[in-house]
A.B. asks: 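Please find one structure pasted underneath; my questions will follow.
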Amino acid sequence: MSDYSTWYINSHGSTVNIVQINKTVYRIENMTQLETMSERPPLRFWGWGYDSEQLSEEEDTLIDAMVQMLIPEGGVEVSPPQVEDFDLPAPRLPVPEQFQSYVSTTQYDRLVHSYGKSYADMLRMFLRDVQHAPDWVAFPKSESDISDIIKYAEAHNMAVIPFGGGTSVCGGVEADVGEQYVATISLDLQHFNRILEVDTKSRTALIEGGMLGPDLEAGLKEYGYTLRHFPQSFRFSTLGGWIATRAGGHFATLYTHIDDFVESTRVVTPSGVMESRRLPGSGAGPSPDRMVIGSEGTLGVITQAWVRLQQRPIWKVSATVTFSTMKQGVEAVRLISQAGLFPSNCRLLDEMEVQWNGLADKACAMLVLGFESADHPVNAAMDRALAIASNAGGEYQSEEVVYASEKPAPEKTSETGADTWRNAFIRMPYYRNKLIGRGIIADTFETAITWDKFESLYTGVKAGIQKAIVELTGAEGMVSCRFTHIYPDGPAPYFTFFLVGDTTGDLQEVLNKWRTIKAVANELVISLGGTATHHHAIGRDHRSGYEQQTSDLFRHAFAAAKAALDPQGIFNPGVLIDPQGKSVGITGIMKDKQ
Ligand SMILES: Cc1cc2nc3c(=O)[nH]c(=O)nc-3n(C[C@H](O)[C@H](O)[C@H](O)COP(=O)(O)OP(=O)(O)OC[C@H]3O[C@@H](n4cnc5c(N)ncnc54)[C@H](O)[C@@H]3O)c2cc1C
C-alpha cells in the first residue's frame, strides 16, 4: 500500500534503488536493474526477503559465530546467484498481443516465480538449477483478465499456477507439471490487493486474495480491527495463499487457522465464478468454502473472501515455565489443552530447542504460555494454567509473570526468554540466506498427532532423523521439537534439524543429503500416525504422504469435483491429486525419492 520502489542512475553512472518497505526507506547502490512487471518492491529471487534488505552487523556477527561453531575448519562459501547467472530457455509459447500489457517473460520475473521458499528451493537457486521456470508470468488486474488467461490456457494446453506471495515450502508454486502440458503460466495475484468492504456490525471484511499480511493488517487497523492471523511468513504471504494452503497462525488455540476466519469465498474457475453466501454458520450440506480452503490452486483462483475480524487484544498475560523433562511438559500441555482454557500461546520447547536457542542455563524443557483478550482480564486463566503446569512438575518465577491490569500491557523493560526466542524465530528465514551458501542444512517439518500416539511419534521421529544425519555425515547434527498449536485431542509438533551438509562448496551433495532426510521425515510422520502436514500444505513435496493418509475413494471424489470446475485439468497439476484423465504423479524435488 504505502510501499514504493524507484530506480535511477546516479552521477557516477551506477544504479540506485530507493525502496520503502513498511515505513522504512532503504537506499541500495550499484545494483543491476531488475527487469520486472511487478509493482511490488522487488523480491530476492534466490532467498528470503526483499532484494534490498540486508542483515544488521550484529546479525552478521551472530551468523559468523554460528558457522564457526558448526564448521571450525572454515570451508567454502558459495555466493548467492545473480539474475545473469541463469540462461533460461525461451518461453515455449510467445505472448500474444492481447496479453502484452500484463504478461512478463523477463528472466527476473520468471526466476522469482520458479520456486517457493523451501530450503530445497533456495538451495537449487544457489546451484543455479532452475529446470521448470514458468514460460509466462501473468499479473492480471481484474477477474476478466484472469478469465482471458484461463481461456487461452485451455485452448493451448497451458498449465496455470496461482501465485500469492510465493512463500510455499512444499513445491506448491513450482511449475513442474509433468510432460502433458505445452507450457506453464504463473498467475501472480499482486494486483488483487484491496480491502473492498468492512461490515462493522458483523465485524467482517471483504478482502482481495492477493493482499499481503502487513497491508491487510494496516488497512484493518484503520477500522480498529485485526484479522489476527500471523503465520511466520506473514510479511510476504497473502490472504489467497493462506486460504489455499489452510495456513496456521502464530496463536496456539482457538482462532488462529485461516479456516476459522473464512466466512465466504469467491473463486474464478475455468467453468465460471463460484461464490459462496456469507453466513456465520450453516448446516446446509457440505460446505463450499471447505472445498476451497486447502485447494492449493488446483480448482481456480481465490480472488476475494469475506473474513471474520477481531478487536485488538489489550488484556495480556505471559509466563515461562520450565520442566526438568519434556515428558512432564507434554503432560502439562495436554491437561491445559483439555481444561477449556484456550491459551493464545502454549509453545512447549524440548530440551534441544531450549539449548540451541540459549534460553536457559540448565537442561530443561520450556513452556511459553500466554493469554489475551480484547474484552476482559485473563489473569484467572493464566493462574489456572500455571497451577496445572506446577502440578505436572513445572517451575516458574512468579515475579516474571507479566500481567496487564486495567490497561494495555505495560511496556517490557527487559527481554524474557520468550522474547529472545520469538525474535530469533522471525529473523531465522533471513539467516538461512547466509547458511545455505556455507553448506549448512537448517530446515523444519511439522505434523499433528493425537495425544495417545505423541510419545512414539516424538521419539521415533527424533531417533529416525538423528540416525539419518549420522549415516549421512558421521556427525550428530541437531534435531529439536516444539509445539506450534494444541488441541484437546493432540498437539502439532514442529521439528527443526541442523547439520553440516558439505564444507567444500559441493551444494549438489548438500541437496542429496537434504532429500534423503526429507524422505525419512515424510515417511516417519505418516507411518507413526501423524498427518503429512499440519499447516505447511501438501504441494508437490508432501504428496506421497497425502496419498497414504487419504483414501482412494476420497481422492477420486475430489478429482471429480475438480473436473467439474477445471475440466481440462490446467490448474496446478502435480499438487494434491492428478487431474482426471492425466497422470502427472509426483513432480518437484521429491520426484523419484519415495
Ligand atoms: C519462513 C517461512 C515461514 C512460514 N511460516 C508459516 C506459518 O507460520 N504458518 C503457515 O501456515 N505457513 C507458513 N509458511 C508456509 C507459507 O507461508 C504458507 O503456505 C502461506 O499460506 C503461503 O501463502 P502465499 O501467499 O505465499 O502463497 P503461495 O506460496 O504463493 O502459494 C501457495 C499455494 O497456494 C496457491 N495459491 C496462492 N494464492 C492463491 C489464490 N489466490 N487462489 C488460489 N490458489 C492460490 C498456490 O498455487 C500454491 O499452491 C512459511 C513459509 C516460510 C518460507
Side-chain angles (χ1 to χ4, degrees), residues 43 47-49 112-113 115-122 134 140 143 146 159-175 177 184-193 207-213 216 229-251 256-259 265-269 274 292-305 425-433 442-446 484-485 492 494 496 533-543 565-566 571-576 588:
L43 286 170
W48 190 246
V112 168
H113 294 79
Y115 291 129
K117 298 295 177 201
S118 74
Y119 180 82
D121 294 339
M122 290 166 61
E143 286 190 352
I146 295 177
V160 178
I161 299 159
F163 186 100
T167 64
S168 167
V169 278
C170 54
V173 293
E174 184 176 344
V177 298
T184 56
I185 306 171
S186 178
L187 197 83
D188 188 313
L189 275 300
Q190 65 173 252
H191 293 298
F192 292 74
N193 61 356
I207 303 179
E208 289 186 307
M211 198 165 198
L212 289 171
L216 180 151
H229 175 73
F230 300 117
Q232 188 194 11
S233 55
F234 169 77
R235 217 170 150 215
F236 298 100
S237 53
T238 62
L239 176 65
W242 300 337
I243 297 174
T245 58
R246 299 188 72 180
H250 173 78
F251 300 109
T256 184
H257 290 278
I258 201 66
D259 308 35
T265 50
R266 182 176 165 92
V267 188
V268 177
T269 80
M274 183 171 75
V292 171
I293 299 169
S295 56
E296 300 196 24
T298 60
L299 302 181
V301 185
I302 303 160
T303 54
Q304 298 175 6
F425 172 70
I426 294 296
R427 296 298 292 171
M428 194 57 199
Y430 290 93
Y431 301 168
R432 212 158 68 164
N433 289 345
D443 202 8
T444 62
F445 59 95
E446 38 76 73
T484 54
H485 303 82
Y494 184 99
T496 300
T533 175
H534 172 262
H535 58 266
H536 279 173
I538 293 297
R540 292 176 172 77
D541 302 353
H542 300 142
R543 190 167 150 181
L565 299 170
D566 176 20
F571 267 93
N572 220 354
V575 165
L576 290 174

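Because only heavy atoms are used, hydrogens play no part in the values below, and waters and symmetry mates are left out as well, while side chains stay in. Read the numbers this way: they start at 1 and go in the same order the structure lists the ligands and their atoms.
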A.B. asks: Taking the side chain as C-beta and beyond, is there a heavy-atom pair between Leu187 and Val301 under 4.5 Å?
C.D. replies: yes
A.B. asks: Would you please write out the protein residues whose heavy atoms approach any atom of ligand 1 to under 4.0 angstrom, listed by chain and number?
C.D. replies: Trp48, Lys117, Pro162, Phe163, Gly164, Gly165, Gly166, Thr167, Ser168, Val169, Gly172, Val173, Leu189, Pro231, Gln232, Ser233, Ser237, Thr238, Gly240, Gly241, Trp242, Ala244, Thr245, Ala247, Gly248, Glu296, Gly297, Gly300, Val301, Ile302, Pro429, His535, His536, Asn572
A.B. asks: Tell me the closest heavy-atom pair linking Arg540 and Pro573, and the distance in Å.
C.D. replies: NH2-O, 2.8 Å
A.B. asks: Kindly write out the residues that satisfy ring pair (Phe, Tyr, Trp, His ring centres under 6.0 Å) with Phe251, not counting sequence neighbours, or none if the list is empty.
C.D. replies: none
A.B. asks: Between Leu239 and Leu216, is any pair of side-chain heavy atoms under 4.5 Å apart?
C.D. replies: yes
A.B. asks: Locate the shortest heavy-atom distance separating Thr167 from Phe236; write the atom from each residue and the value.
C.D. replies: CG2-O, 3.5 Å
A.B. asks: Between the side chains of Thr533 and Glu446, is a donor N or O closer than 3.5 angstrom to an acceptor N or O?
C.D. replies: yes
